[in-house]
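Note: hydrogens, waters and symmetry copies are ignored here, and every other heavy atom, side chains too, is used. Protein chains get the first letters and strands the later ones, always in sequence-line order, with residue 1 at the start of each.
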Number of protein chains: 2
Amino acid sequence: MITQLHAVLREAGLKVTAPRLAVLAAIENAPHAGADDLFGAVRLELPGTSLQAVYGVLGALTTAGVLRRIEPAGSPARYERRVGDNHHHIVCTTCGAVADVDCVHGDAPCLAPSATNGFTVQSAEITFWGLCPKCQAAAQSEAAAASAVHDRLSST
Amino acid sequence: MITQLHAVLREAGLKVTAPRLAVLAAIENAPHAGADDLFGAVRLELPGTSLQAVYGVLGALTTAGVLRRIEPAGSPARYERRVGDNHHHIVCTTCGAVADVDCVHGDAPCLAPSATNGFTVQSAEITFWGLCPKCQAAAQSEAAAASAVHDRLSST
DNA sequence: CACTTGTCTTGAGTAATTCAAAACACCGGC
DNA sequence: GCCGGTGTTTTGAATTACTCAAGACAAGTG
């Protein structure tokens, strides 16, 4: 597997270094991870690595097209290996968790807005906002607790 | 017109204050402006206003549903008055300019992704990326200049 | 194996935003 | 029209995510 990651880097025309392999390995285990998360993961294997190195690696891999950088509102930047296909993201409004979503329409329709105010459209990006399964459960049990309190209060 | 803005605030259940009126007035003149731009505009009319007051006003108005906050990747947060309708944005990849775009599909289709990984979808947000008219022109004249240089070099 | 080029470490700096506490102002009631 | 409570604004500081720069170091070419 290390050899595979090695190949990924070479094919992108990049030098193969330990921090780069570590970042790639970390991202396999944690898709949509942020720089800080990856830094934590990389440190476990390569304790000497600096945060700036991680930023450098992420920048280089993103420029080379190996990684895609996504930046949901209110959340630090996240990175993913899936590049070159048309997929979008759903972000949890409560905890910020991210999951992949394939576009319902394939890709064409969303790339053709009606009026562009003179802009040339290069790409379209869709972000869905909602609740992840975990936060749905948390919201439900919280609602249950609240209504229990309400019952108690209104019965006095 | 000041009375109109006044009414906007009262109807949202908010106290009417000079900074709030000034921010609302500024946003009428500059839709999609960021906190810093608005701070600059507000200062012209209300020199004593602090940047934190502007952040406070923007936060309060956003929570009250009077403003919408948009946060394109790589750009500070921007605010707009158009709320409650289904429209999206196109952002210039070069200068960050933002324009409104009405969704081709109305609103329904983009709200129904095929597989949501267990997430509950609350809303969908589409960001188009492209070049604004100004940057298209700049890119063209730069390309022309580059090819002129190329001509000169290749003719030697 | 040496050399070149690009990468990583170390250290500092920046932009956008948030937090906290005290002074102040809006506005409903008197 | 004035007063008081509540919410807003000011002042000042802190935080987060990220970028910049310079020198030490390592990957890969020949």
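At a threshold of 4.0 angstrom between heavy atoms, the contacts of A:A77 are confined to the sugar-phosphate backbone, with no base atom among them. Nucleic acid contact class of B:S50 (heavy atoms, under 4.0 Å, all strands): base. Nucleic acid contact class of B:G34 (heavy atoms, under 4.0 Å, all strands): none.
In this structure the side chain of A:T127 never reaches within 4.5 angstrom of the side chain of B:I126, judged on heavy atoms.
In this entry the distance linking CD of A:E11 with P of D:dG28 reads 14 Å, nearest Å. Computed from coordinates, the A:Y55 OH to C:dG11 C1' distance equals 16 Å when rounded to whole Å. Between the CG atom of B:L21 and the P atom of C:dC26 there is a distance of 10 Å, given to the nearest Å. Rounded to an integer number of Å, the gap from A:F39 CZ to C:dT9 C1' is 11 Å. We find that CZ of B:R20 is positioned 10 Å from C1' of D:dT9, with the value rounded to whole Å. A straight line from CG of B:L14 to C1' of D:dT8 spans 11 Å, rounded to a whole angstrom. Atom P of nucleotide C:dC8 and atom CG of A:L38 are separated by 14 Å, given to the nearest angstrom. When the P atom of D:dT9 is taken as reference, atom CG of B:L9 falls 10 Å away, rounded to whole Å.
Regarding contacts with the backbone of C:dC8, a side-chain N or O of A:T17 is found under 4.0 angstrom from either OP1 or OP2. In this structure, A:R78 does not reach the D:dA17 phosphate: none of its side-chain N or O atoms is under 4.0 Å from OP1 or OP2.
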Using the salt bridge (charged side-chain N to carboxylate O under 4.0 Å, His left out) rule, take B:R69 and B:E71 through it: C-alpha gap first, then chi angles, then the decisive distance, then the call. CA-CA 7 Å; B:R69 176 188 178 130; B:E71 224 166 315; 3.3 Å; yes

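Taking five base pairs at each end of the helix from C:dC1-D:dG30 to C:dC30-D:dG1, the local helix axes there meet at an angle of 30°, rounded to 10°.
Closest to the B:P76 side chain, of the nucleotides C:dT17, D:dT6, D:dC18, is C:dT17.
To the nearest 0.5 Å, atom OH of residue A:Y79 and atom NE2 of residue A:H32 are 13.5 Å apart. Residue B:C92 holds its SG atom at 6.0 Å from CZ of A:F119, rounded to the nearest 0.5 Å.
Nearer to the 5' terminus of DNA chain C, by closest-nucleotide assignment, is the contact made by A:G48 (compared with the other of A:G48 and B:R69). If you find the closest nucleotide of DNA chain C to A:Q52 and to A:G56, the one lying nearer the 5' end belongs to A:G56.
Closest approach of A:V54 to A:A35, counting heavy atoms only: CG1-O, 3.9 Å.
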